[in-house]
Amino acid sequence: MTKVVTRFAPSPTGHLHIGGARTAIFNWLLARHFGGTFLLRIEDTDQERSLQEYTDSILASMRWLGLDWDGDLIYQGRRFDIYNGYIDRMLETGHAYWCECTPDEVEQMRETARERGLKPKYDGRCRERGLGPGPGRVVRLKAPLAGRVVFEDMVKGTVAFDAAELDDMVLRRADGAPTYNLAVVVDDATMGVTHVLRGDDHVSNTPKQVLIYQALGLPLPVFGHVPMILGPDKKKLSKRHGARAVIEYEQDGLLPQALVNYLVRLGWSYGDQEIFALQELVEKFTTDNLNSSPAAFDPDKLQWLNAHYLRETPVDELARLTAPFVKAEGFDVAPERLAALVPLFRERASNLADMARVMRFMLVDAAALEHDPAAVAKALTAEGKAHVAALRGLLDQADPFDKATLEKVVHDYVEQGGLKFKQVGPPLRVALAGSLGGPGLPEIMEVLGRAETLARLDRAAALG
RNA sequence: GUUCCCAUCGUCUAGCCGGCCUAGGACAACGGCCUUUCACGCCGUCGACGGGGGUUCAAAUCCCCCUGGGAACGCCA
């Protein structure tokens, strides 16, 4: 088997979105699975809309996702000479011709065709005129008038189009720049790309590209078109659906493993398995299990996966990842303290931003702690406050001030008083946390420390 | 409009070279267990082969039609 070469070819007109990210992941996986090469090409031939900052952003997202590429980045913008060389070759071999029709004229032809219920296309007016170069002229492909254009698709099987459906597409614009389809073919061929896995929206480009390959006498790669990702409402993914660039998911506190895992499972499966480590994906990914029907994006499942990976991440690393989010909440917390906090909250959050939010009550001063009025009314009754006050004295004696000791102090208090834990747990909790939910009491007190714990208990006595 | 693609629970999907499917798993929802609480975890419930024709002893699985969705029809990528 020849070496597999795949590529991802984003155009730097925006950030990397999840659809593109999935395509990138699939190509990366295909190359890595077969020990092949994964190339990255920036399709910046549209000088107007292409921005360097987007290239940078796309690269940053690729790295964040853990997708490394082989060799240097390829910029289409720097390869115009190569494209023009191939276009000249087609001109020489009679596979292309000069055309002087203006965009308006061509639009007129399309309009006419549409009115007649036909496929809008260029009518081939200049095909046999034998025109040479000249201002305002473009080069068009002399496409076959009849026959079928057939290609094998890794996900859809055999796909065929009537050649009559295709028109003489422009290869070189009036300004001398090559068009997308020409550039893609020349690039893929010269880069040695063997497998072109891309979005569904390119299926109808494929026969056009096949024609160019044939005109150039170049071998065809294997094509594969993965269905698009739909929004949760089954409609095309759009801004309305909230975050969609991978950078936004990063900012929302998602872990890259979760996004990768989720995206891969959207359109690909391996039996009933849901969780895949990156290395496992490399081992198991092949093109045969790609799904051919479009998939709707499900934020809930993404969060579930993220929560899973949150619990898998080592504490120190999780603390490091959470730091920026805690900072965004307005707190400057030492790494060691964050590492002590994280184990109490990792199971109570599904992403890093959540985590920072949910541990907020641990970071404020006793004086600034907010108490949920309903919880106060329910638990900090006269009896509740009495227990809190009694506990304050006992807890002050705890030595060492650690989880085990603290637990014993509270336990003994309940035992000796002939009480039920339900009588002292809730008031103590509201005093410490301000609400009725959260981590275990002993661990909260341990991380809070003696002074802060006592301060909170004192403050609770004054509440209500 | 034309062409191409797609069609299993609300969602992601397994199954699809026909029988092992009274259709399996996961997310969500709901209920329970665990637990001082919340969460995690565990157990369970609800829930789908779009419709119609064929082929066959037998169809979610093969064929055709319909319907429904999507994409593309640029001197954008």
Side-chain angles (χ1 to χ4, degrees), chain A residues 9-13 43-46 48-50 76 99 101-103 106-107 110 113-122 136-140 153 155-156 159-162 164-167 169-181 183-184 199-208 225 227-228 230 232 234-236 262 265-275 289 291-305 307-308 311 345-350 358 375 379 410-411 414 420-426 428-430 433 435-441:
Chain A
S11 112
T13 53
E43 310 217 321
D44 57 351
T45 51
D46 185 343
E48 303 268 305
R49 299 193 300 150
S50 296
Q76 285 191 326
C99 165
C101 298
T102 65
V106 177
E107 186 41 49
R110 284 195 255 268
R114 250 190 291 266
E115 280 165 15
R116 291 196 204 142
L118 298 172
K119 183 127 184 160
K121 50 190 265 193
Y122 173 68
R137 291 182 182 176
V138 300
V139 174
R140 286 181 181 277
D153 191 292
V155 356
K156 296 180 191 300
V159 180
F161 287 79
D162 270 321
E165 284 298 317
L166 283 6
D167 68 356
M169 77 193 100
V170 171
L171 302 175
R172 177 193 284 160
R173 292 184 256 256
D175 66 2
T179 55
Y180 166 73
N181 283 120
V184 166
D200 220 354
D201 49 340
H202 284 285
V203 269
S204 48
N205 273 325
T206 307
K208 300 177 187 177
H225 294 93
M228 321 216 61
L230 272 24
K234 280 280 188 179
K235 293 275 172 45
K236 188 178 177 180
Y262 178 74
R265 266 299 272 106
L266 206 59
W268 179 83
S269 60
Y270 191 81
D272 285 338
Q273 190 170 342
E274 298 285 352
I275 309 286
N289 297 321
N291 212 115
S292 54
S293 53
F297 188 84
D298 180 5
D300 286 337
K301 192 159 183 179
L302 210 209
Q303 290 298 322
W304 169 74
L305 265 171
H308 167 82
R311 283 173 246 128
F345 294 96
R346 63 188 330 184
E347 286 176 359
R348 278 163 256 262
S350 53
V358 94
V410 176
H411 182 79
V414 170
K420 297 246 188 234
F421 197 92
K422 269 192 242 174
Q423 294 171 270
V424 336
L428 183 54
R429 175 171 294 284
V430 174
S435 71
L436 253 12
L441 266 8

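Worth knowing before you read on, the calculation uses all heavy atoms, side chains too, and leaves out hydrogens, waters and symmetry mates. A note on names: the letters A, B, ... follow the listed sequences, proteins ahead of strands, and every chain is numbered from 1.
A search for salt bridge (Lys or Arg N to Asp or Glu O under 4.0 Å) contacts involving D200(A) returns K156(A), not counting sequence neighbours. R140(A) pairs by the side chain to side chain donor-acceptor pair (under 3.5 Å) definition with nothing, not counting sequence neighbours.
rA23(B) is unpaired under the criterion used here, namely a Watson-Crick or G-U wobble arrangement in which both key atom distances are under 3.5 Å. The pairing partner recorded for rA72(B) is rU2(B), the criterion being a Watson-Crick or G-U wobble arrangement whose two distances lie under 3.5 angstrom. Across all strands shown, rC38(B) remains unpaired; no Watson-Crick or G-U wobble contact has both distances below 3.5 Å. Taking a pair to require two hydrogen-bonding distances under 3.5 Å in either a Watson-Crick or a G-U wobble arrangement, rU55(B) remains unpaired. Pair assignment for rG31(B) gives rC43(B), based on Watson-Crick or G-U wobble hydrogen-bonding distances that are each under 3.5 Å. Across all strands shown, rU67(B) is found opposite rA7(B) as a Watson-Crick or G-U wobble partner, with both distances under 3.5 Å.
With P as the reference atom, rU36(B) and rC20(B) are 48 Å apart, rounded to whole Å. The gap from the C1' atom of rG24(B) to that of rG32(B) amounts to 23 Å, rounded to the nearest Å. Taking atom C1' on both nucleotides, rC46(B) is separated from rG68(B) by 26 Å, rounded to a whole Å. Nucleotides rC64(B) and rG70(B) have their P atoms positioned 24 Å apart, rounded to a whole Å. Comparing rG51(B) with rA23(B), their P atoms are spaced 16 Å from each other, to the whole Å. Taking atom C1' in both rU55(B) and rC65(B), the straight-line distance is 15 Å, to the nearest Å. Rounded to whole Å, the C1' atom of rC63(B) lies 31 Å from the corresponding atom of rG25(B). rU11(B) and rG54(B): their P atoms are spaced 30 Å apart (whole Å).
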Find every protein N or O atom lying less than 3.5 Å from an N or O atom of nucleotides 17-24 of chain B, and list the pairs.
residue	atom	partner	partner atom	Å
rG24(B)	N2	D272(A)	OD1	2.7

Which atoms of nucleotides 46-49 of chain B (N or O only) lie under 3.5 Å from a protein N or O atom, and what are those distances?
none

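The heavy-atom pair separating V106(A) from C101(A) by the smallest distance is CG2-CB, 4.0 Å.
Here the side chain of S269(A) pairs no donor or acceptor atom with the backbone of R265(A) at under 3.5 angstrom. Side-chain atoms of D175(A) come within 3.5 Å of backbone N or O of A177(A) as a donor-acceptor pair. Within the 3.5 Å criterion, the main-chain N or O of V170(A) finds no donor-acceptor partner in the side chain of Y122(A). Side-chain atoms of R348(A) come within 3.5 Å of backbone atoms of G438(A) as a donor-acceptor pair (strictly under, hydrogens ignored). Checked by atom type and distance alone, the side chain of R429(A) never pairs as donor or acceptor with a backbone atom of V424(A) at under 3.5 Å. For the pair Q273(A) (side chain) and Y270(A) (backbone), a donor-acceptor distance under 3.5 Å is absent.
Rounded to an integer number of Å, the gap from OH of Y270(A) to P of rA26(B) is 18 Å. Per the geometry, CG belonging to L305(A) stands 13 Å off P belonging to rU13(B), to the nearest Å. rA14(B) atom C1' lies 10 Å from atom CD of E274(A), rounded to whole Å. When the P atom of rG25(B) is taken as reference, atom CH2 of W268(A) falls 20 Å away, rounded to whole Å. Going from atom CD of Q273(A) over to atom P of rA14(B) covers 14 Å, rounded to whole Å. Distance L266(A) CG to rA26(B) C1': 13 Å, rounded to the nearest Å.
Toward the 5' end of RNA chain B, the nearer of the two residues S269(A) and A160(A), judged by each one's closest nucleotide, is A160(A).
L266(A) contributes atom CG, which lies 9.0 Å from atom NZ of K301(A) (distance to the nearest 0.5 angstrom). We find the SG-CZ distance between C99(A) and R172(A) to be 13.5 Å, quoted to the nearest 0.5 Å. Between W304(A) atom CH2 and D298(A) atom CG the span is 11.0 Å, to the nearest 0.5 Å.
Salt bridge absent: E165(A) and K121(A) never bring a charged side-chain N and a carboxylate O closer than 4.0 Å.
Taking only side-chain nitrogens and oxygens, N291(A) never comes nearer than 4.0 Å to OP1 or OP2 of rA7(B). Listed pair R311(A) / rG41(B) meets the phosphate criterion, a side-chain N or O lying under 4.0 Å from OP1 or OP2.
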Original post:
Using a cut-off of 4.0 Å between protein heavy atoms and nucleotide atoms, how would you tag nucleotides 70-77 of chain B 5' to 3' with B, S and -?
Top reply: -SSBSBBB
Original post:
If the sugar-phosphate is the primed atoms plus P, OP1 and OP2 and the base is the rest, what is the B/S/- string for nucleotides 27-38 of chain B, using protein heavy atoms under 4.0 Å?
Top reply: BS-------BBB
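The closest side-chain donor-acceptor pair between N181(A) and T179(A), if any, does not fall under 3.5 angstrom. Looking only at atom types and distance, the side chain of S11(A) has no donor-acceptor partner in the side chain of E43(A) under 3.5 Å away.
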**OP:** Kindly indicate, with the supporting measurements, whether the criterion salt bridge (charged side-chain N to carboxylate O under 4.0 Å, His left out) is fulfilled by E107(A) and R114(A).
**Re:** CA-CA 10 Å; E107(A) 186 41 49; R114(A) 250 190 291 266; 3.3 Å; yes
